[in-house]
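Written below as structure tokens is the structure these notes are about.
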Amino acid sequence: MALANHTAILPRRAADGRYDLVVLANRLPVDHATDDDGRPCWRRSPGGLVTALHPIMKRRAGAWIGWHGRSGPAPTPFVHDGIHLHPIALTDDDVAGYYEGQSNATIWPLYHDAVEPPSFDRSWQEHYRAVNRRFAEAAARVAAPGALVWVHDYHLQLVPGMLRDLRPDLRIGFFLHIPFPPVELFCQMPMREEIMRGLLGADLVGFQHAQGTRNFRMLAADLAGAKVTDGGIWYEGRDVVAETFPISIDVAEQQRLAADPAVRARAAEIRRELGDPRTVMLAVDRLDYTKGIECRLRAYGELLAQGRLDPAETVMVQVAVPTRQQIDQYQALRERVEREVSRINGDHAGIGRVCVHYLHQSFDRAELAALYLAADVMAVTPLRDGMNLVAKEYAATRADGTGALVLSEFAGAAAELGEAWLVNPHDVDALKDAFADAAAADAAEQRRRMEPMRAHLRRHDVNAWATGFLNQLDRAPSGCASSASRARHVARAGDGARPHPVQCACRVGGSSSAEARGARSRTSHLAAGTRPIG
Ligand code: ADQ
């Protein structure tokens, strides 16, 4: 494959020709693009993960393993912008089975509270295993002895275990970008034990929210027979640390955009183009059923119908980025959303004045920042979300402290941005009240809420997130855990600090029958009481 702007010959790598830091993610941090002369080239992907890891990967001569986005043979490894890229090949069947099937039609909905029913298909599972193995083997080939390997997200949950078998010398970290579900949902998964064993192959497993960490600890004991104590998780002779690492954004970049005169001028222009309404409400999501777009539109439509918001003075802009368009549920969602937008505009718009501007498009960072600056109310109301970076981007962009963020309790971001108008997105009346209150808030009230959120983000940006995770992984013992570590666990379990009662009904191994009986009797109240809220 001839591509214009990459170097086919790799520069010097770490020590023995392999890499001290290896990142694995479903996608490489580059997209196929075309240069000014119409030649194919690579362009760095937008997005927080790439921004966060780019400087670290450059500094540490790291390698990134991922799919390049097209089915068929993989391009040979190349360097882009100082990062060594190792593309993984996927066939059409892999894309259908591993990516669209097991990852996005089984795991994605199941981990998001099953807000759409997950589909299960045994052939998808085979592809998921095969592709995870391909990633693990690629990492085993390129990682230097004792290297740090950081595996990302739900597509690659089997990789840590597979890689541990191939290369026990590595320190392996795993970060899940989406929620980790409660026991009763996770146990629907046909591959449940296999996935738990896969994740427990890591030294450090990171989650967006403390509830995900708790769910994982519970399942580690129940499904994999791990010893879980206050001190940590002991599994197959190793320590596994499970911790919460809420991801963040590039705050400095967002502030730079917010101060850019061209972006500020564009924000003013957007307001003019919208007809200079009193209130601009904005929502920015991938067009995904987890994002709560339908409930949000319903609430907005009812507010207009009841006269609580004046259609002549209020405009909503709903940006819905195209995503996963091959999957039936996403096509159906698009039709429903577009019908609802038409209905609201049909009922409440006037000549030359619409109530909902619906943009099924991608935008660059500057245009998004201009939209954030133009918006009086930002509606971030997912039914379930690992974090939600849009909420953080909005707050970071509002340099003067104005703007009203309405935020779902079911977004991971709610654990950090508690000064927002927090709302249950399933409750349309609560959504209506939150939108109406936020639209009516004066500048003093907006600042009272916005300033602490902005201060929090300045301290917890994406660089702090990435270095926090990698520093912790760096401290993991290389290879198998030491006998000292084992002794610590035995002492903890024996000194009155009993292992947590973290069993559930779907336990399959690793327990005595008495423990299993105890587990079963505890199951119902544990399951009911541990449903996550973020
Ligand atoms: P996503 O579900 O993709 O991420 P989110 O966290 O909101 O959701 O990130 C979306 C990103 O895309 C934001 O940076 C946003 O600016 C950008 N974006 C949105 N609309 C856009 C548009 N029209 N054009 C261009 N860019 C647009 C998953 C999890 C989240 C978790 C992230 C990171 O589902 O819960 O926060 O990973 O861990």
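Counting starts at 1 for both ligands and their atoms, following the listed order.
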Within the 4.0 Å heavy-atom shell around [X], which atoms of ligand 1 are there?
{"X": "Trp108", "result": "34 (O)"}
{"X": "Gly386", "result": "35 (O)"}
{"X": "Val319", "result": "23 (N)"}
{"X": "Val390", "result": "7 (O), 15 (C)"}

Between Leu389 and ligand 1, which residue portion shows a heavy-atom distance shorter than 4.0 Å: side chain, backbone, both, or neither?
-> both
So which bit of Glu393 gets within less than 4.0 Å of ligand 1, heavy atoms only: side chain, backbone, both or neither?
-> side chain
Can you tell which of [options] gets a heavy atom nearest to [atom]?
{"atom": "atom 19 (C) of ligand 1", "options": "Asp288, Leu287, Val284", "answer": "Val284"}
{"atom": "atom 26 (N) of ligand 1", "options": "Val321, Ile178, Leu368", "answer": "Leu368"}
{"atom": "atom 8 (O) of ligand 1", "options": "Arg286, Met387, Lys291", "answer": "Lys291"}

Do any nitrogen or oxygen atoms of [X] lie less than 3.5 angstrom from nitrogen or oxygen atoms of ligand 1?
{"X": "Phe175", "result": "no"}
{"X": "His177", "result": "yes"}
{"X": "Arg365", "result": "yes"}
{"X": "Gln208", "result": "yes"}

Residue set satisfying side-chain hydrogen bond (donor to acceptor under 3.5 Å, both in side chains) with Ser103, at least two apart, ordered chain then number -> none
For the residue pair Phe186 and Tyr111, categorise the inter-ring angle as parallel (less than 30°), tilted (30 to 60°) or perpendicular (more than 60°).
->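 Answer is tilted, since the angle falls between 30° and 60°.
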Are [X] and [Y] close enough that their ring centers fall under 6.0 Å?
{"X": "Phe207", "Y": "Phe216", "answer": "yes"}
{"X": "Trp465", "Y": "Phe175", "answer": "yes"}
{"X": "His86", "Y": "Tyr19", "answer": "yes"}

At their closest point, which heavy atom of Tyr128 faces which heavy atom of Tyr154, and how far apart are they?
-> OH-O, 2.6 Å
Could you give me the CA-CA distance, side-chain angles and deciding distance for Val284 and Tyr394, then say whether side-chain contact (heavy atoms from CB on, under 4.5 Å) is met?
-> CA-CA 10 Å; Val284 174; Tyr394 179 68; over 6 Å; no
Ignoring hydrogens and angles, state whether a donor on the side chain of Trp42 or Asp81 is under 3.5 Å from an acceptor on the partner side chain.
->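 The answer is no; no qualifying pair exists.
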Check side-chain contact (heavy atoms from CB on, under 4.5 Å) between Ala114 and all other residues, then give those that pass, not counting sequence neighbours.
-> Pro118, Leu185
